[in-house]
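Worksheet: one structure, shown below.
All values derive from a computational prediction rather than experimental measurement. Basis for what follows: all heavy atoms, side chains included, without hydrogens, waters or symmetry-related copies.
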Amino acid sequence: MTGNERDLEQEVARELHRRAEAATSVSGLAGAAKQRAHTIRRRRYLAAGALTAVALAVAVPTALSIGGTPRTAPLPATTPTTSPTAPTPDATTPAAPTTPPATVPAPPPSSDPSVPPPTSDEPPPPSGVGGTTSLSLDGLSTGPLPSIAYVDGTRFRPPGGNETDLPQGYANPVAYGSAVYAMSWIDDAVAILRPGDDPVTIPGMGPIVSSDGGSIGWYEAAGTLTVFTSPGEGTVPLESDVPAGQRLEPIGFLGPRDVISNVSTDEELWAGARRDTFADGEVQGTSTTPPWDLISMVAVSQSAQLVAGFSSITDSGSCSAVYPADGDTPLWETCDYSFDRFSPDGRYLIGGPAYRDGIGNAFTVVVDAQTGDLVHRFDAELGWITGAAFEDNDHLLINFNVPGGTEIHSALIRCGVDGSCELATEVATTTDEAETSYAFGAQP
Amino acid sequence: MDASAATPAAVRVDRDIEFETYVVDRQNSLLRTAYLLTGSQQSAEDLVQTALAKLYLAWHRVHDTASLDAYVRRIMVNEHTSWWRRAWRRNETSVDVLPEHRSQLRDATHDIGERDAMWTLVQTLPPRQRAAVVLRFYEDLSEQQTADTLQCSVGTVKSQTSRAIATLRTRLQDERGADR
């Protein structure tokens, strides 16, 4: 370090210490924090009595057939959906029912005098039929490893083999041709890893991949949306210009040469959506503004030609809607959930709470993509969910985490849309709440 | 923080007393760090409140008093730098270009103006670089402690910090050159 660098660091330190004095103390912070904790807890442990769903009685299966009907043993309706050995309840949080009957019970009343009574700030219960499964790592049988790309620690495991160790801070990896593409959040760049070479980073955001895996795309901060429709050597990239002052967050492919992105500017975090299409034989794309009244896109379905996104976002929640790709009237809208991705055939949507706190979700839902009706809900109970992805049209993988003393136990759980579940990975253990033992690769 | 007390009610009372004692002891320090991360009193209070709320919920898991600060600090940084959290804050000001009206912050005194410029430029750093700068130069954490908080390697802390310093140096030089 040079003397000048040291001087500047000292200057920065002095200024930070001086500026920090501008922060003024506040009173009542402990009480306000406990109030907020109560709200967070309510969102995480959404009152069972608010649900109109009837718990489906599904046995812990001995195996699930991927792509087919789950092979579950039929059970009488009173069989619980939780594992036979329930986790030890936390003495400092309300006890969750360990053997629920077929109808979902009302929540136990709070007897904690320091916690104010629940407010009516929770969204109304969803209508429509659906079931609920309480997730647990105990008592589940073990099925095959995931058949979609996932990350185990720092090891990227794509379905075709060719595992790769990922550098720190890389997310959403996808194997494309002989390389692995990923988002490096540390470098704010798309990273390309080729065997034997140092990673190449391109400032920007991505990657996204088409449903057949044939096309890959990303935004380059230099001012282009770039798409490759073939991983072959010498393939000419398709490019669409992005004006100065705009930044794109590519969301997905509506077709092999049809990309949907979120737009942001220096003035506006959510500046709408953008659709880039590349005519056959053309390498220069054309951008248009889609007709959907959404402030931020979250998912597209190439097979069903649907798009999902936020219609509104507030400090306390959000509303989401699904549109047909070429229509300006939503199929439906909800403020009960927010969403992540469509199933491969576009029939279902995976989602979670309408307010996400950045640590994990208290539940995952599967809804009908055409109607918004709840298909099934998976509750984290005493744990939390850090992601979910469809493995095929009828099964999803849920990244589930449970605290155990000073440790956190995590696994990918494979569940059918009917609620039957099994382990898809080993249960990994970490002592760092912020670490994620497992993660998903980029999904179309 | 021993959760093996006789009754759940007694456990809750113990937890509340311990939690409130911690908040009274540490709230000013946490608010100052949050202020440096966010740049505004209101956002700082919101950030600290959320972090303390999550600490309260996880109280039974945090067994070591010495690690409470580290735990809260990590929650604050995560909350501040996560894309989701940033989505709730429509007044996000951390961009990779200089704000247009920074001259409004300047005092007539050259030194004070220079300090204003420094603070303004710190606020334009990307969230993770800004967090690295605050943790290293205000909290005075070691590179390893900073890496633990940011959940990255020591090497990444070094590169994030050096990139932030380089950016600040370049922009300060531009500022000072523009003043002449």
Side chains of A:Leu8 and B:Met118 in contact at under 4.5 Å (non-hydrogen atoms) = yes
query = Atom OH of B:Tyr138 and atom CZ of A:Arg18: how far apart are they, to the nearest 0.5 Å?
reply = 13.5 Å
query = Where on B:Leu36 is there a heavy atom nearer than 4.5 Å to chain A: the side chain, the backbone, both, or neither?
reply = side chain
note = Taken in chain and number order and not counting sequence neighbours, the residues that satisfy salt bridge (charged side-chain N to carboxylate O under 4.0 Å, His left out) with A:Arg14 are none
query = Can you list the residues that meet the salt bridge (charged side-chain N to carboxylate O under 4.0 Å, His left out) rule with B:Arg73, with sequence neighbours excluded?
reply = B:Glu139
task = Could you walk me through whether B:Val122 and A:Glu15 pass side-chain contact (heavy atoms from CB on, under 4.5 Å), step by step?
result = CA-CA 10 Å; B:Val122 166; A:Glu15 181 57 18; over 6 Å; no
query = How many angstroms lie between atom CZ of A:Arg6 and atom CD1 of B:Ile165, to the nearest 0.5 angstrom?
reply = 12.5 Å
task = First locate atom OH of B:Tyr35, then atom CZ of A:Arg19, and finally report the distance between them rounded to the nearest 0.5 Å.
result = 6.5 Å
message = Is it the case that atom CG in A:Asp165 sees more than 12 heavy atoms from other parts of the structure closer than 6.0 Å?
response = yes
note = Here the gap from A:Glu11 atom CD to B:Leu172 atom CG, rounded to the nearest 0.5 Å, amounts to 6.0 Å
remark   = Most contact-rich option vs chain A, by heavy-atom pairs under 4.5 angstrom, among B:Thr33, B:Leu168, B:Leu31, B:Thr161, is B:Leu31
ask   = Under a 4.5 Å heavy-atom cut-off, does chain A meet the side chain of B:Arg136, its backbone, both or neither?
value = neither
With sequence neighbours excluded, residues passing ring-ring contact (aromatic ring centres under 6.0 Å, His included) with A:Tyr219 = none
request  = May I ask you to test the A:Thr24-B:Gln41 pair for a side-chain heavy-atom distance under 4.5 Å?
outcome  = yes
note = Note: vs chain A, highest number of non-hydrogen pairs under 4.5 angstrom among B:Gln129, B:Glu45, B:Arg169 is B:Arg169
query = Around atom CD of B:Gln42, are there more than 12 heavy atoms of other residues, nucleotides or ligands at under 6.0 Å?
reply = no
Residue part contacting chain A, namely of B:Val48, when any heavy atom lies under 4.5 Å = side chain
inquiry  = Suppose a student defines contact as a heavy atom less than 4.5 Å from any heavy atom of chain A. Which residues in residues 140-147 of chain B would they list?
reply    = none
note = Nearest heavy-atom approach of A:Ala33 to B:Ala53 is O-CB, 3.3 Å
ask   = Is there side-chain contact between A:Arg36 and B:Asp46, with heavy atoms separated by less than 4.5 Å?
value = yes
ask   = Closest approach of B:Glu20 and A:Ala30, non-hydrogen atoms and distance?
value = CG-CB, 3.8 Å
query = A:Lys34 versus B:Asp16: any side-chain heavy-atom pair under 4.5 Å?
reply = yes
ask   = What part of B:Phe19 is in contact with chain A, defined as an atom under 4.5 angstrom from a non-hydrogen atom: side chain, backbone, both or neither?
value = side chain
task = Could you go through the side-chain contact (heavy atoms from CB on, under 4.5 Å) check for B:Trp119 and A:Leu16 one step at a time?
result = CA-CA 8 Å; B:Trp119 172 237; A:Leu16 290 177; 4.1 Å; yes
